[in-house]
Amino acid sequence: MSEIKIFSPATVANVACGFDVLGFCLDSIGDYMVLRKTSERGIKITKIDGFDLPYETEKNVAGVSALALYNDLKPECGFEIEIYKRIKPGSGIGSSAASASGSVYAMNELLGRPYDRTQLTFFAMQGEVLASQCEHADNLAPGIFGGFTLVKSTEPLKILSLPTPSDLFATLIHPQIEIKTADSRAVLPKDIPLERAITQWANVGSLVHALHTSDYQLLKESLNDVVIEPHRKKLIPYFDDVKTNAIKAGALGCAISGSGPSIFALSKGEETANMVEKAMQSVYSKSEIKFETYVSKINIEGIKTVK
Ligand code: HSE
């Protein structure tokens with residue numbers, strides 16, 4: 001195989017209480033990438049469609065992660081990368097992660113799968129550093145592993161694949177404002193009160209248990225973020241109204257997607273997820289802010305090869 005086309009899906013990091021460790025993979029939104037082997041060594045980005053991003057390999061997240069793998073394996077060939085960017089950068093649904101993980105996934109396929117998923121996540125992290133100026137894998141692992149993931153540690157990198165209850169659907173609203181991950185990390189305090197930490201780690205533990213047991217009621221009780229959301233929600237207009245409306249419409253929980261501005265909700269059943277979408281839309285419809293919404297099942301496959 002000398003050429004591959006892949007779909008690299010959007011992801012939701014943090015999942016309310018799991019800042020920098022939890023994430024899940026979406027199904028209905030993502031980028032496409034084409035990778036091609038070349039006889040000339042090195043990595044070239046030959047096409048970027050959709051958004052204005054750098055072509056220099058060292059300045060592009062897909063290029064940087066691809067280089068990390070390439071320099072480790074030192075294959076005899078080179079690669080060309082075409083990026084069909086569909087996830088808006090700065091949207092909070094893993095735009096840079098889709099690029100970073102997509103390029104290493106595709107290269108690995110073309111090279112006969114010399115690396116496992118954890119190693120691919122490690123290479124992808126090198127690209128993600130360029131985008132967010134810090135090493136975290138919570139947006140990368142869901143794309144590479146599919147479904148829900150927990151980043152147990154980054155040094156050494158250890159990722160746990162969590163089960164996905166079959167009737168779980170995500171609703172997302174993406175207000176068309178840009179929040180850079182670095183900026184939304186800058187508003188966070190360095191220390192947190194012990195009492196809040198206790199609530200938060202109890203929520204993470206019970207959320208993981210709820211996923212294992214398909215306990216939707218426990219999921220509802222666990223989807224709460226008392227550490228990060230109080231600081232970050234100030235950056236997202238109408239966040240509280242969207243959350244209140246989503247919960248009223250039947251969502252199990254509603255929180256900031258990654259570093260924002262997108263807001264996600266999880267619901268039991270597609271019908272409820274669709275009602276939550278309408279409830280979220282009604283908030284921003286009354287404002288000047290443009291927005292997009294999505295309803296998606298949880299993608300347990302992750303990045304995949306397409307025709
Ligand atoms: N966990 C990260 C954050 C995800 O919330 O800052 C965004 O890259």
Side-chain angles (χ1 to χ4, degrees), residues 8-26 29-31 53 60-62 64-65 85 87-102 121-145 148-155 157-160 162 170 172 174-175 177-190 192 196-197 200-201 203-204 207-208 223-236 239 243 253-266:
S8 192
T11 51
V12 171
N14 301 339
V15 200
C17 50
F19 180 65
D20 274 1
V21 298
L22 284 173
F24 67 83
C25 189
L26 294 166
I29 170 167
D31 295 342
L53 294 165
N60 183 298
V61 292
V64 172
S65 59
K85 197 89 201 126
I87 315 169
K88 191 171 189 255
S91 55
I93 49 173
S95 179
S96 56
S99 295
S101 52
T121 309
F122 175 78
F123 295 129
M125 278 169 77
Q126 317 312 310
E128 188 71 336
V129 171
L130 182 71
S132 63
Q133 284 135 47
C134 68
E135 270 198 357
H136 52 88
D138 54 343
N139 268 127
L140 300 165
I144 293 173
F145 287 74
F148 280 83
T149 52
L150 179 114
V151 182
K152 162 75 179 73
S153 61
T154 49
E155 280 180 59
L157 185 60
K158 182 161 180 143
I159 291 153
L160 309 179
L162 303 173
L172 273 111
H174 173 206
I177 53 171
E178 187 176 343
I179 298 180
K180 291 206 165 68
T181 298
D183 295 337
S184 70
R185 292 181 85 86
V187 301
L188 302 177
K190 293 277 169 282
I192 55 171
R196 281 198 193 184
Q200 195 86 346
W201 62 56
N203 281 336
V204 175
L207 177 51
V208 170
L223 283 167
N224 282 314
D225 170 12
V226 296
V227 170
I228 306 297
E229 183 179 295
H231 302 281
R232 281 189 170 169
K233 69 177 186 177
K234 297 168 195 153
L235 304 174
I236 306 172
F239 173 80
K243 182 170 174 167
C254 177
I256 301 168
S257 174
S259 54
S262 290
I263 303 167
F264 80 97
L266 284 173

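Each ligand, and each atom within it, is numbered from 1 in the order the structure gives.
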- Using the ring of each side chain (for Trp, its six-membered ring), is Phe24 parallel, tilted or perpendicular to Phe148, with breaks at 30° and 60°?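 Because their plane-to-plane angle lies in the 30° to 60° range, the rings of Phe24 and Phe148 count as tilted.
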- Assess whether atom CZ of Phe122 is packed by more than 12 heavy atoms of other residues, nucleotides or ligands within 6.0 Å.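 No.
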- Item | Within the protein, residues bringing a heavy atom under 4.0 Å of ligand 1, chain by chain |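 Close residues (ligand 1, cut-off 4.0 Å): Ala13, Asn14, Phe19, Asp20, His136, Asp138, Asn139, Thr181, Arg185, Arg232, Gly258, Ser259.
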- Message: I'd like to know if the side chain of Thr11 pairs up with that of Asn139 as donor and acceptor (distance under 3.5 Å, no hydrogens or angles considered).
- Response: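 There is such a pair (donor and acceptor under 3.5 Å, judged by atom type) between the side chains of Thr11 and Asn139.
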- Can you pull the side chain to side chain donor-acceptor pair (under 3.5 Å) pairs that have at least one residue in residues 253-266, sequence neighbours excluded?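 Only Thr181-Ser259 qualify under side chain to side chain donor-acceptor pair (under 3.5 Å).
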- Answer yes when Lys233 and Asp225 have at least one side-chain N-carboxylate O distance shorter than 4.0 Å, and no when they do not.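 Salt bridge absent between Lys233 and Asp225.
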- Task: Please confirm whether the backbone N or O of Ser65 pairs with a side-chain atom of Gln126, one donor and one acceptor, at under 3.5 Å?
- Result: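 A pair under 3.5 Å: no.
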